[in-house]
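If you read the sequence from its start, that first residue is 1, and numbering goes on from there.
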Amino acid sequence: MKNIFSILPEDFFRPLCSKYKKEYSDCIQLIFNTFKPELSYGVDREIVVSVLEDYFDSTTQVMVLEDNEVLKDARSKANAIIRGLKEAGWLEYEQG
C-alpha cells in the first residue's frame with residue numbers, strides 16, 4: 001500500500017496550515033463547486049478568479065502574505081490564493 005505522503009507534493013497541506021486557512025478552505029470548496037458541472041477537469045482561469053473575487057468582495061479583511069505583500073482588493077486576493085494553491089500542488093495551469 002502506498003503512503004499518501006509519497007504521492008502528494010511536500011507542501012500540499014501548507015495552505016490549510018497557514019494563517020489564512022479558513023480563506024483557503026473556502027476557496028478550495030468554491031473552486032471545486034466551479035469545476036463540478038464542467039464536462040472536463042478544467043475551467044477557464046478568469047472564471048475561477050471571478051468566483052474568488054465575489055467571495056473576497058464580501059470581506060474587508062486585508063491579507064498580508066509571507067513576503068509582506070499587502071493585499072486589499074478582491075482581485076489581488078483571488079490571484080494570491082490561486083498562486084498559493086498552484087505552488088502547493090492543488091491546481092495546475094493548462095495552456096490551451
Main-chain N/O of P15 paired with S18 side-chain donor or acceptor, under 3.5 Å: yes
Are E69 and K77 ion-paired here, with the side-chain N under 4.0 Å from a carboxylate O? no
pair I31-L85: side-chain heavy atoms closer than 4.5 Å: yes
Quick check for you: to the nearest 0.5 Å, what is the distance between Y55 atom OH and Q29 atom CD? 10.0 Å
Are L65 and V62 in one and the same hydrophobic cluster, where Ile, Leu, Val, Met, Phe, Trp and Tyr link if side-chain heavy atoms are under 4.5 Å apart? yes
Is it true that, when you exclude I7 itself, more than 12 heavy atoms of the residues, nucleotides or ligands shown sit nearer than 6.0 Å to its CD1? yes
Is the number of heavy atoms from other residues, nucleotides or ligands within 6.0 Å of CD (E87) greater than 12? yes
For residues I81 and F56, determine if any side-chain heavy atom of one lies less than 4.5 Å from a side-chain heavy atom of the other. yes
Side-chain contact, heavy-atom cut-off 4.5 Å: R45 with N79? yes
Side chains of L16 and I28, heavy atoms from C-beta outward: is any pair under 4.5 Å? yes
Should the ring pair F13 and W90 be called parallel, tilted or perpendicular, given that the plane angle runs from 0 to 90° and is split at 30 and 60? perpendicular
Go through the side-chain N and O atoms of N3 and S6 and say whether any donor and acceptor fall under 3.5 Å apart. no
Nearest heavy-atom neighbours spanning G89 and P9: CA-CG, 4.1 Å
Could you tell me whether Y93 atom OH has more than 12 heavy atoms of other residues or ligands within 6.0 Å of it? yes
Between CZ of R75 and CG of L52, what distance do you get to the nearest 0.5 Å? 10.5 Å
Flag side-chain contact, heavy atom, 4.5 Å: V64 against Y20: yes
Under 3.5 Å, is there a donor-acceptor pair between the side chain of S25 and the main chain of K21? no
Closest heavy-atom pair and its distance - A74, E53: CB-O, 3.6 Å
If I compare all heavy atoms of V43 with all of V48, which pair ends up nearest, and what's the gap? CG1-CG2, 3.4 Å
